[in-house]
Amino acid sequence: MSTTITFGEIMLRLAPPGFERFLQTSQFVATFGGGEANVAVTLASFGLPATYVTVLPEKNPIADALVAELRRFGVDTSRIVRGKGRLGVYFLETGASQRASKVVYDRDNSAIALAKPGSIDWEKALDGGGWFHITGITPAISASAADLALEAVRKAREKKITVSCDLNYRKNLWKWGKPTVEVMRGLMPHVDVAIANEEDVQMALGIEAEVDVHSGKLERAQYEKLTAKVLGEFPNLKAIAITLRESFSASHNGWSACFNDGKQFLLSQRYDITPIVDRVGSGDSFAGGLIYGLQKLPSRQEALEFAVAASCLKHSVPGDFNRTTVDEVNALIKGGGSGRVQR
């Protein structure tokens, strides 16, 4: 079976234990994470071949540990490139109740931020690929990373590989010059499946959504109009999925999604998630679940339900990486969300 290839930056994640604050804690828990790597881990956990491509610093034992961690999950790391620069770091302070989570990035001059077109041999990196996944985070890192991302999707399309892009707007990263909308709209003509939330659509594509992204209320009727507008502006797109998060507090969210392929508009069932253990990586679990579902399940409704359930479960798992199985996701879809002990 062909492999799904994901490309982007992976970082060292440093987080205070539990719900401690940065200036309160005396220690940090070190793990790894990054949007595209999280998707690769999700797919490997679901039993699909997954390959991760990135640029890591040379002769760096922390980067070596990172690669070993990905291999432990079954992700193919043989196409990772080593280059000049450092390993990016991000700090996470987990929110609770009405106190929001907080992320601080330390990723300037990372190896992938310094990489540029030609840094990766895409003929080798894309060999045997059936699906290629990228996010809007990579183009936000630096001008050269944006050029490399554009090179990647062009090469994937030349090879007739299905390309998905999670728009993933990160306002704290877009500081290198070009407007976000200009860069992302240049990337989109090479994408087959888009994944986003309503804020991503507005900030990354410049397409206004007639919804209040901060209200915590979802006007589902507006999402059919929004997804149709995106498909209309980018006729190359075969489908778009939008996650629908109702934020009542940092500990309590409503969670669902919609999907539009130009032929039908689909809505998933809704999950009430409380308490949230760790929401970082939940969107990547959705993306991984959708990629899995579109390749393995008989209908698009089933693919959407699988993706939403997978990402719902991720909210219960500390760390960036998904650590749930296909059987656990299917059990939730069938109504096994009571949390009763499985004996």
Side-chain angles (χ1 to χ4, degrees), residues 1-10 34-55 70 74-81 112 115-139 145-168 183-196 204 230-231 234-241 259-262 283-297 300 303-304 306-307:
M1 184 178 181
S2 60
T3 186
T4 296
I5 300 160
T6 73
F7 166 62
E9 182 172 31
I10 185 169
E36 303 84 357
N38 298 344
V39 172
V41 168
T42 295
L43 290 167
S45 298
F46 292 156
L48 283 187
T51 300
Y52 180 59
V53 178
T54 191
V55 183
L70 290 173
V75 175
D76 178 5
T77 61
S78 64
R79 305 176 200 187
I80 290 176
V81 173
I112 197 167
K116 56 188 178 182
S119 295
I120 295 173
D121 180 352
W122 289 111
E123 287 298 318
K124 177 182 177 182
L126 296 172
D127 184 48
W131 195 293
F132 182 79
H133 181 74
I134 195 169
T135 77
I137 298 172
T138 303
D147 292 339
L148 181 57
L150 182 58
E151 178 185 64
V153 293
R154 282 175 170 168
K155 292 291 186 181
R157 286 300 292 271
E158 286 175 11
K159 288 181 166 291
K160 301 188 183 328
I161 296 172
T162 298
V163 176
S164 59
C165 179
D166 190 333
L167 299 183
N168 269 345
V183 175
M184 292 304 296
R185 289 185 73 92
L187 196 73
M188 287 301 290
H190 309 284
V191 174
D192 297 293
V193 179
I195 300 167
V230 175
L231 292 174
F234 299 99
N236 54 286
L237 278 179
K238 295 180 175 65
I240 179 170
F259 181 93
N260 193 338
D261 63 1
D284 304 317
S285 289
F286 175 85
L290 187 67
I291 293 168
Y292 172 89
L294 291 174
Q295 294 185 80
K296 296 287 288 183
L297 300 179
R300 299 202 160 183
L304 179 64
F306 187 90

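Predicted, not measured: the structure shown is a model, and the values here were computed from it.
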Taking all non-hydrogen atoms of both residues, which atom of E36 and which atom of I137 are closest, and how far apart?
OE2-CB, 4.5 Å

Find out whether V153 and C165 are in side-chain contact, i.e. whether some heavy atom of one side chain is under 4.5 Å from a heavy atom of the other.
no

Heavy-atom distance under 4.5 Å between the side chains of E151 and K116, does that happen here?
no

Partners of R79 by side-chain hydrogen bond (donor to acceptor under 3.5 Å, both in side chains), sequence neighbours excluded?
none

Measure the shortest side-chain to side-chain distance between D261 and K238 over non-hydrogen atoms and say whether it is less than 4.5 angstrom.
no

Looking only at heavy atoms, what is the nearest atom pair of A241 and L290, with distance?
CB-CD2, 3.7 Å

For the backbone of I10 and the side chain of Y52, can you confirm whether one donor and one acceptor N or O come within less than 3.5 Å of each other?
yes

Who are the side-chain hydrogen bond (donor to acceptor under 3.5 Å, both in side chains) partners of N168, not counting sequence neighbours?
none

Just how far is it from atom CD1 of I134 to atom CG of L148, taken to the nearest 0.5 Å?
7.5 Å

Tell me, yes or no, whether the heavy-atom count around K296 atom NZ, taken from other residues, nucleotides or ligands under 6.0 Å, exceeds 12.
no

With a 4.0 Å cut-off on N to O distance, would you call K155 and E123 a salt bridge?
no

Does R185 form a side chain to side chain contact (heavy atoms under 4.5 Å, CB included) with F234? I'd like the steps, not just the answer.
CA-CA 9 Å; R185 289 185 73 92; F234 299 99; 3.7 Å; yes

With side chains defined as the heavy atoms from C-beta onward, is the minimum distance between H190 and V163 less than 4.5 Å?
no

Taking N236 for its side chain and V191 for its backbone only, find out whether a donor-acceptor pair lies under 3.5 Å.
yes

Does the plane of the ring in W122 sit parallel, tilted or perpendicular to the ring in F7? Use 30° and 60° as the thresholds.
perpendicular

